[in-house]
Amino acid sequence: MTQPAPERKAAKPNPPEGRHSAFLPFARPGIDEESVAAVANVLRSGWITTGPQVEAFESALSGYLGGRTVRAFTSATGALEVALQVCDIGPGDEVIVPAMTFAATANVVLRVGAKPVFVDIELATRNLDIARVEAAITPRTKAVMPVHFAGLPVDMDALYELAQRRGLRVIEDAAHAIGSSYRNRRIGSFGDLVAFSFHPNKNLTTIEGGALSIREPAEVRRIERLRFHGIERAGDGMDILEAGGKYNLTDVAACVGLGQLRRLEQFNRRRRELAARYFEQLATDPPLHLPLRGDEGHSWHMFSPLLPLERLPIGREDFIREMAARGIGVGVHYPALHLFTLYRGMGYKTGDFPNAERVGRSTVTLPLYPALSEDDIDRVCAACAQVLTSHRG
Ligand SMILES: *Cc1c(COP(=O)(O)O)cnc(C)c1O
């Protein structure tokens, strides 16, 4: 008989090390029952694709972003692609992107036929190093695409001063930064073209989805065309002016987004509290390299310290496996982008961007989402301490 007697399990209510507690993923969306009911109503309404919910969601986002014009998309990737197109960026053009970010940031540049030009990140902020951007500008450079990494805004004053002086468009990849602020102004409430992601791991989700916050009123109509087949409606007819994409959000998704937006401030406050708990409790030997603390404007999309690999006999894979064995999910955000096969094929190589490569090699994303408790964070910290101490050289 291999079946254990049930009472033997019950006899150990509080196993040491929390090993038998529920698995903690590194990210988890928080959808409340009100949203579940609201989605059911949309599903029953007879109108499930782009309609009144999308209109309400765009308008609510606009309100949240100080009245800016906002258009919803099916993803940040789609929003970024359309942003490049509305800037007329294509073959022969260059766009400056950070060497450490999610692949979409650079992939979209290739998708419109332009060339992504990588620039290293700052080790402390993990953001595009604005001081290094100038040297990467050529007569072909049309835009800079910074990422507000993990919700920590880039130095917007320096970025926009440079962009204005050199005549460049700015397309902000704000996938991590809904609810982040720079000098008390929300990301997306100012700036040129700002793209948000509402993927389930992000601070606000529509399941899949995104949005573009737009500065130039004259560009809104073309953005709408590029979002939906290139269709321009006139009277009772329509015309096609260019081959647009198909990036319209559904009403079902927008309904989820409306519920999320109502809770966004609360979500981000909780993320900041939990990040503060990590700073208090995360003490390991050898120590992890902790992310920059930032200020109240940080929305803490992720908490990603660097492993002290130079002082450990194990690799990141081992760390991730040993954390998983303790019931803790650990992510990797992100490997250096220029070292993927696609970008190596363009001539990029190891050694080009030392900060991006160091972060790419050693970063680990620990669980952080509003439903976590202080005890959960303490459990993650204890597991990190155990794993690192057990391998100390
Ligand atoms: C998530 C993410 C994207 C893509 O977002 P989607 O909505 O999934 O297309 C782009 N850039 C960064 C930095 C991201 O983290």
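Just follow the structure's listing: the first ligand is 1, and inside any ligand the first atom is 1.
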query: So, is the end of the Arg227 side chain (NZ or CZ) under 6.0 Å from the ring centre of Tyr247 and within 45° of the ring's axis?
result: no
Tell me which donor-acceptor pairs under 3.5 Å the side chains of residues 115-125 have, and how far apart each pair is, sequence neighbours excluded?
from   : atom 1 : to     : atom 2 : distance (Å)
Asp120 : OD1    : Ala356 : N      : 2.9
Asp120 : OD2    : Asn355 : N      : 3.0
Glu122 : OE1    : Thr125 : OG1    : 2.5
Thr125 : OG1    : Asn127 : N      : 3.1

Between His391 and Arg311, a side-chain donor and acceptor under 3.5 Å: no
Could you go through residues 28-44 and list every donor-acceptor pair under 3.5 Å that involves a side-chain atom there, pairing it with any protein atom two or more places apart or in another chain?
from  : atom 1 : to    : atom 2 : distance (Å)
Asp32 : OD1    : Ser35 : N      : 3.0
Asp32 : OD1    : Ser35 : OG     : 2.9

For ligand 1, find each of its N or O atoms that sits under 3.5 Å from a protein N or O atom, and tabulate the pairs with distances to one decimal place.
from     : atom 1 : to     : atom 2 : distance (Å)
ligand 1 : 5 (O)  : Ser197 : OG     : 3.2
ligand 1 : 7 (O)  : Ala76  : N      : 2.8
ligand 1 : 7 (O)  : Ser197 : OG     : 2.7
ligand 1 : 9 (O)  : Ala76  : N      : 3.3
ligand 1 : 9 (O)  : Thr77  : N      : 2.9
ligand 1 : 9 (O)  : Thr77  : OG1    : 2.5
ligand 1 : 11 (N) : Asp173 : OD1    : 3.3
ligand 1 : 11 (N) : Asp173 : OD2    : 2.7
ligand 1 : 15 (O) : His176 : NE2    : 2.7
ligand 1 : 15 (O) : Lys202 : NZ     : 3.2
ligand 1 : 15 (O) : Tyr334 : OH     : 2.9

- prompt: Can you list the steps and then say if His333 with Phe102 is a ring pair (Phe, Tyr, Trp, His ring centres under 6.0 Å)?
  reply: CA-CA 7 Å; His333 304 90; Phe102 182 56; 8.6 Å; no
Scan the side chains in residues 300-310 for donor-acceptor partners under 3.5 Å anywhere in the protein, sequence neighbours excluded, and list what turns up.
from   : atom 1 : to     : atom 2 : distance (Å)
His301 : ND1    : Asn203 : OD1    : 3.1
Ser304 : OG     : Thr365 : OG1    : 3.0

